[in-house]
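Right, one structure below, let's go through it.
Whatever order the structure lists ligands and atoms in, that order sets their numbers, starting from 1.
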Amino acid sequence: MSLPKTYSDPVRIAVIGGTGISHLEHEGFTAVASLDIDTPYGKPSSPITILQTAAGAPIAFLSRHGLHHELTPTEVPNRANIAALRSIGVRSVIAFSAVGSLQEKIKPRDFVIPSQIIDRTKGIRDFTFFEKGVVGHVGFADPFDATLSRVVERVASNGVLEGTDVKLHSDKLLICMEGPQFSTRAESNLYRLWGGDVINMSALPESKLAREAELAYCMICMSTDYDCWKVGEEAVTVETVMGNMHANGANAKRLVAAVLQELVKEEHQDLVNAKHVEGSSKFACCTAPAGRGAETVKKLEWLMPGYFS
Ligand SMILES: CSC[C@H]1O[C@H](OP(=O)(O)O)[C@H](O)[C@@H]1O
Ligand SMILES: Nc1ncnc2[nH]cnc12
């Protein structure tokens, strides 16, 4: 069945699905539109599906690696993804990611909420909206939205994982590497010495761009393997990642769905509208209006109308 290509109401909450979650089918959600959006930064990874909760609140869903996982982490059009989501009204993002565990106690299939990140990408991805004549520096001391993360933690501890042997670990350190090859054993051990808890290839520049676009952003990670540091364990393979992802996919979708059902409640309206970060990018710009590059101003006007013109 083909869905309508337009949706007129603003949609405030989005899920960015990663490895193993390229659709968000759940009893409580009905797909009501599929949006094919063009941005000044190109097309996003996939059409944006608008789903409705039983209570009628809309949610946007975007598949990070494309509908068939055809985009490598390096190729993901992060600027287009974030710009497209913001253009339909999104102000808060729940990103999902499959991660390797760097700590014994974080077992494959456990969930992890990171609060910090170390950037091990190689500077070959488009990582900012501020460029070519418009200089801006946003704060990134805390790369994930703490309030949004607390809501996820509360939902997870309120019974949604009950009856499973799956745990949720909070306040963890995520290493984001370039890929697509997995790490060497020396790198994996180095990250452990740095205090790294989990590793992926996708959180950056996604979270940086979300910050620049004034979106509240948090990540739900699912551990799928022990990377390659663990003596006596086979080093990570795609087969291991996918195997654990599929085996635990129902729990992952149940957790994401429960978080969404919570966030659409009236009491979280200021949070999902990201009122607490509104205006932060407007005042991050150092370039005087007279000196701003016209091309960049045009793109930024599309992204955040009224801020830089
Ligand atoms: C298939 S293993 C490596 C792949 O898995 C993670 O994807 P995502 O974060 O989109 O769930 C990791 O970041 C890599 O892209
Ligand atoms: N070991 C690993 N390294 C990087 N990204 C991953 N995603 C899932 N497992 C991973």
For [X] versus [Y], what's the shortest heavy-atom pair and its separation?
{"X": "S46", "Y": "G66", "result": "CB-CA, 4.4 Å"}
{"X": "L271", "Y": "S92", "result": "O-CB, 4.5 Å"}
{"X": "S45", "Y": "S63", "result": "CB-O, 3.1 Å"}
{"X": "V160", "Y": "V155", "result": "CG1-O, 3.4 Å"}

Completion exercise
Checking heavy atoms under 4.0 Å, the part of T19 that sits near ligand 2 is neither
Handout entry: T224 and ligand 2 - part of the residue with a heavy-atom distance under 4.0 Å
Key = side chain
Could you check [atom] against the protein and tell me its nearest heavy-atom contact, residue, atom and distance included?
{"atom": "atom 7 (N) of ligand 2", "value": "A98 O, 3.0 Å"}
{"atom": "atom 9 (N) of ligand 2", "value": "D225 OD2, 2.7 Å"}
{"atom": "atom 10 (C) of ligand 2", "value": "G100 N, 3.4 Å"}
{"atom": "atom 5 (O) of ligand 1", "value": "T19 OG1, 3.0 Å"}
{"atom": "atom 6 (C) of ligand 2", "value": "I199 O, 3.6 Å"}

Handout entry: Aromatic ring proximity F96/F61, centre distance under 6.0 Å
Key =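 No, the ring of F96 stays outside the 6.0 Å limit from the ring of F61, centre to centre.
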Handout entry: Subset of ligand 2 atoms that lie under 4.0 Å from at least one heavy atom of N200
Key =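 This gives 4 (C), 5 (N) as the contact atoms.
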Practice task
Could you tell me which atoms of ligand 2, counted from 1 in the order shown, lie closer than 4.0 angstrom to a heavy atom of D227?
Solution key: 1 (N), 2 (C), 3 (N)
Salt-bridge criterion met for [X] and [Y] (N-O under 4.0 Å):
{"X": "K208", "Y": "D119", "value": "yes"}
{"X": "E153", "Y": "R150", "value": "yes"}
{"X": "R154", "Y": "E262", "value": "no"}

Handout entry: Test of proximity, S202 against ligand 1: N or O pairs below 3.5 Å
Key =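 Looking only at distances, the answer is yes, because the N/O contact criterion of under 3.5 Å is met.
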Handout entry: Contact (N/O only, under 3.5 Å) between P73 and ligand 1
Key =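 No, no N or O pair falls under 3.5 Å.
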Suppose I only count heavy atoms of [X] and a 4.0 Å limit; which atoms of ligand 1 are within that range?
{"X": "H65", "answer": "7 (O), 8 (P), 10 (O), 15 (O)"}
{"X": "A98", "answer": "5 (O), 6 (C), 8 (P), 9 (O), 11 (O), 12 (C)"}
{"X": "N200", "answer": "13 (O)"}
{"X": "G18", "answer": "10 (O), 11 (O)"}
{"X": "M201", "answer": "12 (C), 13 (O), 14 (C), 15 (O)"}
{"X": "R64", "answer": "8 (P), 9 (O), 10 (O), 11 (O)"}

Exercise for the section: Kindly say whether T128 contributes a backbone atom to a donor-acceptor pair with the side chain of R79 at under 3.5 angstrom? Expected result: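 Yes.
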Exercise for the section: Please work out which of the three classes, parallel, tilted or perpendicular, describes the rings of H69 and H65, given edges at 30° and 60°. Expected result: parallel
Exercise for the section: Tell me, yes or no, whether the heavy-atom count around D9 atom CG, taken from other residues, nucleotides or ligands under 6.0 Å, exceeds 12. Expected result: yes
